[in-house]
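See below for the structure under consideration.
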Amino acid sequence: MRTPSIRARIALWFGAAMALSLALFAAAGFAFVARSSLASTDESLDEAVDALESALNLEDSEQHPPDAYLARVVEHFRFRDMKVAILDRTTQRVYSSVDTTGQGSADVRAASSGAALARAHVPLEPPDLRQLMLRSPQSDEDLSTVTAGGVDVRVLLRPYRLGRLTLVLGAAHGLRARDRVLHELALAIIAGIPLLLLAAIAGGWLLARENLHPVAAMTERAALIGAATLHERLPVNNPRDELGRLATVFNDLLGRLDQAFEQQRQFMADASHELRTPVTIMSGEAELALSRDDRPSTELRTALANIRHEARRLKRIVDDLFLLARANAGEQLLAPSALYLGDVARECVQAARSLAAAKSVELRYEGNEELPFTGDEGLLRRLLMNLLDNAIKYTPSGGAVELRAASDDGRYVLEVSDTGPGIPPAAQARLFDRFFRAGIDRGEGDGGAGLGLAIARWIADSHGGSITLARSDATGSTFRVVLPMPTDASAERYAPTPA
Ligand code: ADP
(Lines give C-alpha, C1' and ligand atoms only; values in the text may rest on other atoms or scores of the structure.)
Protein backbone atom coordinates (compact mmCIF):
# COMPACT_ATOMS: atom_id res chain seq x y z
CA MET A 1 0.00 0.00 0.00
CA ARG A 2 1.28 3.46 -0.86
CA THR A 3 2.21 5.54 2.16
CA PRO A 4 0.22 8.78 2.13
CA SER A 5 2.14 12.03 1.81
CA ILE A 6 3.30 13.90 4.93
CA ARG A 7 0.72 16.56 4.06
CA ALA A 8 -2.11 13.99 4.04
CA ARG A 9 -0.82 12.36 7.22
CA ILE A 10 -0.66 15.69 9.06
CA ALA A 11 -4.18 16.56 7.90
CA LEU A 12 -5.51 13.15 8.97
CA TRP A 13 -3.78 13.27 12.35
CA PHE A 14 -5.05 16.77 12.85
CA GLY A 15 -8.57 15.63 11.91
CA ALA A 16 -8.41 12.57 14.20
CA ALA A 17 -7.18 14.66 17.14
CA MET A 18 -9.91 17.19 16.47
CA ALA A 19 -12.57 14.46 16.18
CA LEU A 20 -11.54 12.98 19.49
CA SER A 21 -11.44 16.29 21.32
CA LEU A 22 -14.71 17.47 19.75
CA ALA A 23 -16.44 14.21 20.68
CA LEU A 24 -15.15 14.41 24.25
CA PHE A 25 -16.03 18.06 24.52
CA ALA A 26 -19.54 17.52 23.06
CA ALA A 27 -20.20 14.53 25.34
CA ALA A 28 -19.04 16.46 28.39
CA GLY A 29 -21.09 19.52 27.37
CA PHE A 30 -24.18 17.43 26.73
CA ALA A 31 -23.86 15.65 30.08
CA PHE A 32 -23.36 18.95 31.84
CA VAL A 33 -26.46 20.55 30.28
CA ALA A 34 -28.57 17.45 30.98
CA ARG A 35 -27.44 17.27 34.57
CA SER A 36 -27.74 20.98 35.40
CA SER A 37 -31.19 21.30 33.80
CA LEU A 38 -32.37 18.32 35.86
CA ALA A 39 -30.82 19.85 38.98
CA SER A 40 -32.72 23.11 38.43
CA THR A 41 -35.95 21.13 37.88
CA ASP A 42 -35.34 19.30 41.15
CA GLU A 43 -34.73 22.60 42.87
CA SER A 44 -38.03 24.07 41.64
CA LEU A 45 -39.86 20.86 42.70
CA ASP A 46 -38.34 21.21 46.13
CA GLU A 47 -39.39 24.86 46.35
CA ALA A 48 -42.92 24.00 45.25
CA VAL A 49 -43.28 21.34 47.93
CA ASP A 50 -41.84 23.75 50.51
CA ALA A 51 -44.40 26.30 49.43
CA LEU A 52 -47.14 23.70 49.72
CA GLU A 53 -46.00 22.94 53.25
CA SER A 54 -46.06 26.61 54.21
CA ALA A 55 -49.51 27.04 52.71
CA LEU A 56 -50.87 24.10 54.71
CA ASN A 57 -49.51 25.60 57.93
CA LEU A 58 -51.06 28.99 57.31
CA GLU A 59 -54.55 27.92 58.21
CA ASP A 60 -55.69 25.86 61.05
CA SER A 61 -56.55 22.49 59.53
CA GLU A 62 -58.64 21.45 62.53
CA GLN A 63 -61.17 24.19 61.76
CA HIS A 64 -62.11 22.79 58.32
CA PRO A 65 -63.13 19.48 56.95
CA PRO A 66 -60.00 18.12 55.29
CA ASP A 67 -61.70 17.72 51.94
CA ALA A 68 -62.44 21.38 51.30
CA TYR A 69 -59.39 22.53 53.14
CA LEU A 70 -56.86 20.53 51.07
CA ALA A 71 -58.65 21.38 47.81
CA ARG A 72 -58.48 25.06 48.68
CA VAL A 73 -54.78 24.93 49.50
CA VAL A 74 -53.78 23.38 46.15
CA GLU A 75 -56.10 25.75 44.34
CA HIS A 76 -53.58 28.55 44.80
CA PHE A 77 -50.83 26.68 43.04
CA ARG A 78 -50.72 27.30 39.37
CA PHE A 79 -47.47 26.68 37.56
CA ARG A 80 -46.51 26.28 34.02
CA ASP A 81 -45.26 22.73 33.39
CA MET A 82 -45.72 21.86 37.02
CA LYS A 83 -48.43 20.27 39.03
CA VAL A 84 -48.65 19.99 42.82
CA ALA A 85 -50.78 17.43 44.60
CA ILE A 86 -51.72 16.28 48.08
CA LEU A 87 -52.70 12.72 48.97
CA ASP A 88 -54.69 12.04 52.08
CA ARG A 89 -53.51 8.56 53.00
CA THR A 90 -56.63 7.89 55.07
CA THR A 91 -59.17 8.60 52.33
CA GLN A 92 -56.71 7.88 49.51
CA ARG A 93 -57.97 10.97 47.72
CA VAL A 94 -55.66 13.13 45.68
CA TYR A 95 -56.06 16.92 45.43
CA SER A 96 -54.07 18.23 42.51
CA SER A 97 -53.55 21.59 40.89
CA VAL A 98 -53.64 22.06 37.16
CA ASP A 99 -50.46 23.05 35.44
CA THR A 100 -51.42 25.81 33.08
CA THR A 101 -50.10 27.85 30.32
CA GLY A 102 -50.99 30.87 32.43
CA GLN A 103 -54.30 31.78 30.80
CA GLY A 104 -56.15 28.48 31.29
CA SER A 105 -58.83 27.88 33.88
CA ALA A 106 -57.78 27.58 37.46
CA ASP A 107 -59.97 24.57 38.00
CA VAL A 108 -58.97 22.55 40.86
CA ARG A 109 -60.82 19.37 41.35
CA ALA A 110 -60.70 16.21 43.17
CA ALA A 111 -58.91 13.43 41.40
CA SER A 112 -62.12 11.82 40.29
CA SER A 113 -62.98 14.59 37.81
CA GLY A 114 -60.07 14.73 35.35
CA ALA A 115 -61.60 16.51 32.31
CA ALA A 116 -59.63 19.74 32.76
CA LEU A 117 -56.43 17.79 33.17
CA ALA A 118 -56.57 16.81 29.52
CA ARG A 119 -54.87 20.10 28.65
CA ALA A 120 -52.24 19.63 31.24
CA HIS A 121 -48.54 19.97 30.34
CA VAL A 122 -47.73 17.43 32.94
CA PRO A 123 -49.38 14.33 31.57
CA LEU A 124 -49.59 12.62 34.90
CA GLU A 125 -53.21 11.57 35.15
CA PRO A 126 -54.82 11.41 38.61
CA PRO A 127 -55.14 7.60 38.81
CA ASP A 128 -51.43 7.21 38.05
CA LEU A 129 -50.60 10.07 40.39
CA ARG A 130 -52.53 8.39 43.19
CA GLN A 131 -50.76 5.09 42.58
CA LEU A 132 -47.43 6.83 42.63
CA MET A 133 -48.19 8.74 45.84
CA LEU A 134 -49.54 5.69 47.60
CA ARG A 135 -46.39 3.74 46.76
CA SER A 136 -44.07 6.49 48.01
CA PRO A 137 -42.07 5.79 51.19
CA GLN A 138 -43.86 6.62 54.50
CA SER A 139 -40.93 8.40 56.06
CA ASP A 140 -38.48 9.57 53.34
CA GLU A 141 -38.68 12.02 50.53
CA ASP A 142 -38.79 10.37 47.11
CA LEU A 143 -37.43 11.89 43.91
CA SER A 144 -37.90 9.97 40.67
CA THR A 145 -38.51 10.21 36.96
CA VAL A 146 -41.57 8.43 35.60
CA THR A 147 -42.92 8.17 32.09
CA ALA A 148 -46.50 9.17 31.52
CA GLY A 149 -48.22 9.62 28.18
CA GLY A 150 -44.89 9.11 26.44
CA VAL A 151 -43.29 12.02 28.31
CA ASP A 152 -40.79 11.95 31.15
CA VAL A 153 -42.00 13.53 34.34
CA ARG A 154 -39.87 14.39 37.33
CA VAL A 155 -41.73 13.77 40.58
CA LEU A 156 -40.89 14.76 44.16
CA LEU A 157 -42.98 13.18 46.91
CA ARG A 158 -42.64 14.11 50.59
CA PRO A 159 -44.53 12.51 53.51
CA TYR A 160 -46.17 15.11 55.78
CA ARG A 161 -48.23 15.11 58.94
CA LEU A 162 -50.74 17.86 59.56
CA GLY A 163 -52.57 17.42 62.83
CA ARG A 164 -54.40 14.15 62.48
CA LEU A 165 -53.95 14.02 58.75
CA THR A 166 -51.28 11.80 57.16
CA LEU A 167 -50.48 13.40 53.86
CA VAL A 168 -48.12 12.98 50.93
CA LEU A 169 -47.14 16.28 49.29
CA GLY A 170 -46.07 16.00 45.69
CA ALA A 171 -44.83 18.09 42.82
CA ALA A 172 -44.41 16.90 39.26
CA HIS A 173 -42.57 18.65 36.48
CA GLY A 174 -42.86 17.65 32.86
CA LEU A 175 -39.49 17.19 31.20
CA ARG A 176 -40.79 17.68 27.69
CA ALA A 177 -39.20 21.13 27.32
CA ARG A 178 -35.93 19.90 28.73
CA ASP A 179 -35.98 16.85 26.49
CA ARG A 180 -36.64 19.09 23.51
CA VAL A 181 -33.67 21.31 24.41
CA LEU A 182 -31.45 18.25 24.84
CA HIS A 183 -32.71 16.80 21.59
CA GLU A 184 -31.91 20.02 19.75
CA LEU A 185 -28.52 20.17 21.40
CA ALA A 186 -27.80 16.60 20.28
CA LEU A 187 -28.88 17.46 16.74
CA ALA A 188 -26.65 20.52 16.74
CA ILE A 189 -23.72 18.41 17.94
CA ILE A 190 -24.33 15.66 15.39
CA ALA A 191 -24.59 18.16 12.56
CA GLY A 192 -21.85 20.48 13.80
CA ILE A 193 -19.08 17.99 14.54
CA PRO A 194 -18.67 16.71 10.95
CA LEU A 195 -18.66 20.29 9.69
CA LEU A 196 -16.02 21.31 12.23
CA LEU A 197 -14.06 18.18 11.38
CA LEU A 198 -14.12 18.94 7.69
CA ALA A 199 -12.95 22.46 8.44
CA ALA A 200 -10.18 21.08 10.68
CA ILE A 201 -8.96 18.59 8.07
CA ALA A 202 -9.03 21.24 5.36
CA GLY A 203 -7.21 23.64 7.69
CA GLY A 204 -4.61 20.99 8.55
CA TRP A 205 -4.13 20.22 4.88
CA LEU A 206 -3.66 23.89 3.96
CA LEU A 207 -1.36 24.49 6.93
CA ALA A 208 0.76 21.44 6.07
CA ARG A 209 0.86 22.41 2.40
CA GLU A 210 1.95 25.93 3.26
CA ASN A 211 4.64 24.75 5.68
CA LEU A 212 5.91 21.91 3.52
CA HIS A 213 6.10 24.02 0.41
CA PRO A 214 9.85 24.71 0.96
CA VAL A 215 10.46 20.93 1.13
CA ALA A 216 9.10 20.54 -2.38
CA ALA A 217 11.32 23.39 -3.57
CA MET A 218 14.33 21.83 -1.82
CA THR A 219 13.59 18.38 -3.30
CA GLU A 220 13.34 19.84 -6.78
CA ARG A 221 16.62 21.70 -6.44
CA ALA A 222 18.44 18.79 -4.75
CA ALA A 223 17.39 16.46 -7.59
CA LEU A 224 19.24 18.70 -10.04
CA ILE A 225 22.50 18.78 -8.08
CA GLY A 226 25.16 16.44 -9.41
CA ALA A 227 28.95 16.11 -9.39
CA ALA A 228 29.25 18.86 -11.99
CA THR A 229 26.88 21.26 -10.18
CA LEU A 230 28.05 20.88 -6.61
CA HIS A 231 28.37 24.65 -6.31
CA GLU A 232 24.54 24.92 -6.40
CA ARG A 233 22.77 25.43 -3.07
CA LEU A 234 19.27 24.72 -1.72
CA PRO A 235 16.94 27.68 -1.13
CA VAL A 236 16.77 28.79 2.52
CA ASN A 237 13.56 30.70 3.28
CA ASN A 238 13.93 31.14 7.00
CA PRO A 239 17.29 30.03 8.43
CA ARG A 240 15.85 29.89 11.95
CA ASP A 241 13.07 27.35 11.42
CA GLU A 242 13.58 23.57 11.18
CA LEU A 243 13.46 23.41 7.39
CA GLY A 244 15.77 26.39 7.13
CA ARG A 245 18.25 24.67 9.43
CA LEU A 246 17.97 21.44 7.42
CA ALA A 247 18.66 23.36 4.20
CA THR A 248 21.61 25.14 5.84
CA VAL A 249 23.11 21.87 7.07
CA PHE A 250 22.57 20.33 3.63
CA ASN A 251 24.21 23.35 2.01
CA ASP A 252 27.19 23.04 4.36
CA LEU A 253 27.44 19.38 3.38
CA LEU A 254 27.34 20.37 -0.29
CA GLY A 255 30.07 22.91 0.41
CA ARG A 256 32.29 20.26 1.99
CA LEU A 257 31.59 17.83 -0.85
CA ASP A 258 32.34 20.53 -3.38
CA GLN A 259 35.63 21.25 -1.65
CA ALA A 260 36.51 17.54 -1.44
CA PHE A 261 35.65 17.07 -5.12
CA GLU A 262 37.74 20.08 -6.03
CA GLN A 263 40.69 18.75 -4.02
CA GLN A 264 40.30 15.39 -5.66
CA ARG A 265 40.22 16.97 -9.10
CA GLN A 266 43.29 19.06 -8.31
CA PHE A 267 45.06 16.01 -6.92
CA MET A 268 44.37 14.04 -10.10
CA ALA A 269 45.54 16.89 -12.31
CA ASP A 270 48.73 17.47 -10.27
CA ALA A 271 49.45 13.74 -10.03
CA SER A 272 49.18 13.18 -13.77
CA HIS A 273 51.34 16.21 -14.37
CA GLU A 274 54.04 14.91 -12.00
CA LEU A 275 53.93 11.43 -13.50
CA ARG A 276 54.17 12.70 -17.04
CA THR A 277 57.68 14.24 -16.58
CA PRO A 278 59.61 11.06 -15.68
CA VAL A 279 57.64 9.00 -18.17
CA THR A 280 58.45 11.50 -20.93
CA ILE A 281 62.14 11.50 -19.99
CA MET A 282 62.24 7.71 -19.93
CA SER A 283 60.59 7.30 -23.28
CA GLY A 284 62.85 10.05 -24.77
CA GLU A 285 65.97 8.28 -23.51
CA ALA A 286 64.77 4.96 -24.91
CA GLU A 287 63.86 6.53 -28.29
CA LEU A 288 67.28 8.11 -28.52
CA ALA A 289 69.08 4.92 -27.62
CA LEU A 290 67.14 2.94 -30.20
CA SER A 291 67.33 5.56 -32.96
CA ARG A 292 70.66 4.18 -34.25
CA ASP A 293 71.95 0.66 -34.36
CA ASP A 294 75.55 1.55 -33.82
CA ARG A 295 75.34 3.54 -30.58
CA PRO A 296 78.42 3.05 -28.43
CA SER A 297 77.83 1.00 -25.32
CA THR A 298 78.80 3.94 -23.06
CA GLU A 299 75.92 5.97 -24.51
CA LEU A 300 73.57 3.07 -24.04
CA ARG A 301 74.68 2.70 -20.42
CA THR A 302 74.12 6.41 -19.82
CA ALA A 303 70.64 6.16 -21.30
CA LEU A 304 69.90 3.16 -19.13
CA ALA A 305 71.21 4.96 -16.02
CA ASN A 306 68.94 7.92 -16.81
CA ILE A 307 66.01 5.59 -17.31
CA ARG A 308 66.75 3.87 -13.98
CA HIS A 309 66.99 7.26 -12.26
CA GLU A 310 63.62 8.36 -13.65
CA ALA A 311 62.09 4.97 -12.86
CA ARG A 312 63.18 5.35 -9.21
CA ARG A 313 61.77 8.86 -9.12
CA LEU A 314 58.56 7.57 -10.66
CA LYS A 315 58.37 4.80 -8.06
CA ARG A 316 58.86 7.30 -5.25
CA ILE A 317 56.11 9.55 -6.59
CA VAL A 318 53.74 6.62 -7.06
CA ASP A 319 54.48 5.36 -3.52
CA ASP A 320 53.85 8.83 -2.08
CA LEU A 321 50.64 9.26 -4.06
CA PHE A 322 49.44 5.86 -2.98
CA LEU A 323 50.11 6.64 0.68
CA LEU A 324 48.34 10.01 0.50
CA ALA A 325 45.39 8.54 -1.38
CA ARG A 326 44.96 5.84 1.26
CA ALA A 327 45.31 8.38 4.07
CA ASN A 328 42.77 10.56 2.29
CA ALA A 329 40.29 7.71 2.09
CA GLY A 330 40.49 7.42 5.89
CA GLU A 331 42.20 4.03 5.80
CA GLN A 332 43.84 2.96 9.04
CA LEU A 333 47.48 2.98 7.97
CA LEU A 334 49.16 3.19 11.35
CA ALA A 335 50.68 0.07 12.89
CA PRO A 336 51.79 1.46 16.24
CA SER A 337 54.34 -0.21 18.46
CA ALA A 338 56.46 0.80 21.45
CA LEU A 339 59.74 2.34 20.28
CA TYR A 340 62.47 4.78 21.23
CA LEU A 341 62.41 7.94 19.13
CA GLY A 342 66.08 8.51 20.01
CA ASP A 343 67.02 5.23 18.30
CA VAL A 344 64.84 5.90 15.27
CA ALA A 345 66.35 9.40 14.81
CA ARG A 346 69.93 8.11 15.16
CA GLU A 347 69.28 5.35 12.61
CA CYS A 348 67.81 7.87 10.16
CA VAL A 349 70.94 10.00 10.40
CA GLN A 350 73.01 6.84 9.75
CA ALA A 351 70.91 6.04 6.69
CA ALA A 352 71.34 9.53 5.26
CA ARG A 353 75.12 9.56 5.72
CA SER A 354 76.02 8.40 2.21
CA LEU A 355 73.63 10.98 0.70
CA ALA A 356 75.27 13.76 2.73
CA ALA A 357 78.75 12.50 1.94
CA ALA A 358 77.94 12.49 -1.78
CA LYS A 359 77.09 16.19 -1.50
CA SER A 360 79.91 17.00 0.92
CA VAL A 361 77.41 18.08 3.53
CA GLU A 362 78.27 17.50 7.17
CA LEU A 363 75.56 15.51 8.96
CA ARG A 364 75.24 15.46 12.77
CA TYR A 365 72.94 13.91 15.34
CA GLU A 366 72.46 15.51 18.70
CA GLY A 367 70.55 13.86 21.46
CA ASN A 368 71.21 11.43 24.28
CA GLU A 369 67.68 10.62 25.50
CA GLU A 370 65.78 7.43 24.69
CA LEU A 371 62.43 9.18 24.15
CA PRO A 372 60.02 6.24 24.56
CA PHE A 373 57.02 6.56 22.27
CA THR A 374 54.22 4.53 20.70
CA GLY A 375 53.92 4.99 16.97
CA ASP A 376 54.33 3.52 13.53
CA GLU A 377 58.06 3.10 13.25
CA GLY A 378 58.10 2.93 9.45
CA LEU A 379 56.09 6.12 9.07
CA LEU A 380 58.10 8.01 11.72
CA ARG A 381 61.27 6.96 9.90
CA ARG A 382 59.77 8.23 6.65
CA LEU A 383 58.91 11.56 8.28
CA LEU A 384 62.49 12.12 9.49
CA MET A 385 64.00 10.85 6.23
CA ASN A 386 61.86 13.29 4.21
CA LEU A 387 63.15 16.17 6.34
CA LEU A 388 66.78 15.01 6.21
CA ASP A 389 66.49 14.34 2.49
CA ASN A 390 65.22 17.88 1.84
CA ALA A 391 67.81 19.44 4.14
CA ILE A 392 70.69 17.66 2.37
CA LYS A 393 69.13 18.25 -1.07
CA TYR A 394 68.77 22.01 -0.61
CA THR A 395 72.05 22.60 1.27
CA PRO A 396 75.03 23.51 -0.89
CA SER A 397 78.30 21.57 -0.58
CA GLY A 398 80.27 22.40 2.51
CA GLY A 399 77.14 23.10 4.50
CA ALA A 400 75.85 21.21 7.53
CA VAL A 401 72.67 19.41 8.49
CA GLU A 402 71.76 18.51 12.06
CA LEU A 403 69.03 16.39 13.62
CA ARG A 404 68.29 17.11 17.29
CA ALA A 405 65.96 14.99 19.40
CA ALA A 406 65.06 15.88 22.98
CA SER A 407 62.21 16.01 25.44
CA ASP A 408 61.03 19.49 26.28
CA ASP A 409 58.24 20.70 28.54
CA GLY A 410 56.32 17.43 28.48
CA ARG A 411 56.71 16.92 24.71
CA TYR A 412 59.21 15.43 22.34
CA VAL A 413 60.85 17.86 19.97
CA LEU A 414 62.74 16.70 16.89
CA GLU A 415 64.40 19.40 14.78
CA VAL A 416 66.16 19.18 11.42
CA SER A 417 68.31 22.25 10.67
CA ASP A 418 70.33 23.02 7.61
CA THR A 419 72.58 25.80 6.33
CA GLY A 420 70.75 25.99 3.00
CA PRO A 421 69.42 29.08 1.25
CA GLY A 422 66.16 29.19 3.25
CA ILE A 423 62.62 29.27 1.91
CA PRO A 424 61.13 32.50 0.53
CA PRO A 425 58.57 33.94 3.00
CA ALA A 426 55.86 33.96 0.30
CA ALA A 427 56.26 30.18 -0.11
CA GLN A 428 56.31 29.31 3.58
CA ALA A 429 52.53 29.29 4.08
CA ARG A 430 51.99 26.66 1.36
CA LEU A 431 55.06 24.59 2.14
CA PHE A 432 53.08 21.62 3.46
CA ASP A 433 50.52 21.60 0.63
CA ARG A 434 50.55 18.71 -1.78
CA PHE A 435 52.59 19.20 -4.95
CA PHE A 436 53.91 22.51 -3.70
CA ARG A 437 57.48 23.42 -4.58
CA ALA A 438 59.09 26.64 -3.58
CA GLY A 439 60.79 26.82 -6.96
CA ILE A 440 64.20 27.61 -5.58
CA ASP A 441 67.35 26.37 -7.14
CA ARG A 442 67.61 22.68 -6.49
CA GLY A 443 70.68 20.66 -5.90
CA GLU A 444 71.63 17.55 -7.76
CA GLY A 445 69.51 14.50 -7.73
CA ASP A 446 66.36 16.46 -7.23
CA GLY A 447 63.34 14.29 -7.82
CA GLY A 448 60.75 15.85 -5.57
CA ALA A 449 57.14 16.16 -6.62
CA GLY A 450 56.25 18.41 -3.70
CA LEU A 451 54.76 15.54 -1.70
CA GLY A 452 57.47 15.00 0.95
CA LEU A 453 56.34 17.68 3.40
CA ALA A 454 52.63 16.90 2.85
CA ILE A 455 53.36 13.30 3.86
CA ALA A 456 55.51 14.48 6.80
CA ARG A 457 52.63 16.61 8.06
CA TRP A 458 50.13 13.77 7.73
CA ILE A 459 52.45 11.44 9.69
CA ALA A 460 52.99 14.01 12.48
CA ASP A 461 49.23 14.75 12.66
CA SER A 462 48.23 11.12 12.76
CA HIS A 463 50.58 10.59 15.74
CA GLY A 464 48.86 13.43 17.62
CA GLY A 465 51.73 15.81 16.93
CA SER A 466 52.57 18.63 14.54
CA ILE A 467 55.22 19.84 12.15
CA THR A 468 56.20 23.47 11.55
CA LEU A 469 58.87 25.48 9.84
CA ALA A 470 60.48 26.91 12.98
CA ARG A 471 63.00 29.14 11.22
CA SER A 472 64.02 29.91 7.67
CA ASP A 473 66.33 32.66 6.47
CA ALA A 474 69.41 33.12 4.38
CA THR A 475 71.46 31.14 6.94
CA GLY A 476 69.26 28.07 6.64
CA SER A 477 66.01 26.44 7.75
CA THR A 478 64.81 24.47 10.75
CA PHE A 479 61.82 22.11 10.59
CA ARG A 480 60.36 21.17 14.01
CA VAL A 481 58.33 18.06 14.77
CA VAL A 482 56.51 17.97 18.11
CA LEU A 483 55.11 14.65 19.40
CA PRO A 484 53.17 14.04 22.60
CA MET A 485 55.06 12.41 25.46
CA PRO A 486 53.32 9.22 26.71
CA THR A 487 51.66 9.49 30.13
CA ASP A 488 53.31 7.86 33.16
CA ALA A 489 50.87 4.96 33.10
CA SER A 490 51.74 3.96 29.57
CA ALA A 491 55.45 4.66 30.07
CA GLU A 492 55.82 1.31 31.87
CA ARG A 493 55.49 -0.41 28.53
CA TYR A 494 58.82 1.08 27.51
CA ALA A 495 60.83 -0.84 30.05
CA PRO A 496 63.94 -1.81 28.04
CA THR A 497 63.47 -5.22 26.48
CA PRO A 498 66.41 -7.65 26.55
CA ALA A 499 68.17 -7.61 23.26
P1 ADP B 1 60.03 17.94 -2.71
O2 ADP B 1 59.80 16.51 -2.89
O3 ADP B 1 59.85 18.74 -3.93
O4 ADP B 1 61.23 18.26 -1.92
P5 ADP B 1 58.66 18.68 -0.34
O6 ADP B 1 57.22 18.64 0.00
O7 ADP B 1 59.55 17.84 0.48
O8 ADP B 1 58.77 18.40 -1.85
O9 ADP B 1 59.12 20.16 -0.22
C10 ADP B 1 58.37 21.19 -0.79
C11 ADP B 1 59.24 22.35 -1.19
O12 ADP B 1 59.73 23.00 -0.01
C13 ADP B 1 60.47 21.93 -1.92
O14 ADP B 1 60.19 21.85 -3.30
C15 ADP B 1 61.42 23.04 -1.61
O16 ADP B 1 61.21 24.12 -2.48
C17 ADP B 1 61.03 23.48 -0.24
N18 ADP B 1 61.91 22.92 0.82
C19 ADP B 1 61.67 21.84 1.59
N20 ADP B 1 62.66 21.65 2.49
C21 ADP B 1 63.56 22.62 2.27
C22 ADP B 1 64.80 22.97 2.88
N23 ADP B 1 65.33 22.28 3.89
N24 ADP B 1 65.42 24.08 2.41
C25 ADP B 1 64.92 24.80 1.40
N26 ADP B 1 63.74 24.52 0.80
C27 ADP B 1 63.08 23.45 1.22
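Atoms within a ligand are numbered from 1 in the order they appear, just like the ligands themselves. Quick caveat: nothing in here was measured; it's all calculated off a predicted structure.
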Contact atoms of ligand 1, heavy-atom distance to Gly450 under 4.0 Å: 1 (P), 2 (O), 3 (O), 6 (O), 8 (O)
Parallel, tilted or perpendicular: ring planes of Phe373 versus Tyr412, cut at 30 and 60 degrees: perpendicular
Heavy-atom gap Ala391 to ligand 1 smaller than 4.0 Å: yes
From CA spacing to verdict: salt bridge (Lys or Arg N to Asp or Glu O under 4.0 Å), Arg346, Asp343: CA-CA 5 Å; Arg346 200 175 298 110; Asp343 291 349; 3.3 Å; yes
Close side-chain approach of Leu379 to Trp458, heavy-atom, < 4.5 Å: yes
Winner among Ile455, Asp433, Leu431 once heavy atoms are compared against atom 12 (O) of ligand 1: Leu431
Polar proximity ligand 1 side, Tyr394 side, N/O cut 3.5 Å exclusive: yes
Residue part near ligand 1, for Ala449, under 4.0 Å between non-hydrogen atoms: backbone
From CA spacing to verdict: side-chain contact (heavy atoms from CB on, under 4.5 Å), Leu38, Leu175: CA-CA 9 Å; Leu38 197 63; Leu175 296 178; 4.2 Å; yes
Side chains of Arg178 and Ser37, donor plus acceptor under 3.5 Å: yes
Over all atoms of both residues, closest heavy-atom pair of Ser417 and Arg404: OG-NH2, 3.1 Å
Element-labelled atoms of ligand 1 that are located less than 4.0 Å from some non-hydrogen atom of Gly452: 5 (P), 6 (O), 7 (O), 8 (O)
Under 3.5 Å: N/O of Ala454 near N/O of ligand 1: no
Within reach of ligand 1, part of Leu453 (heavy-atom separation under 4.0 Å): both
Location of contacts on Asn386 toward ligand 1, heavy atoms closer than 4.0 Å: neither
Test item, Phe479 contacting ligand 1 (heavy atom, 4.0 angstrom): yes
Working for salt bridge (Lys or Arg N to Asp or Glu O under 4.0 Å), residues Arg364 and Glu402: CA-CA 5 Å; Arg364 290 191 296 266; Glu402 184 177 76; 3.2 Å; yes
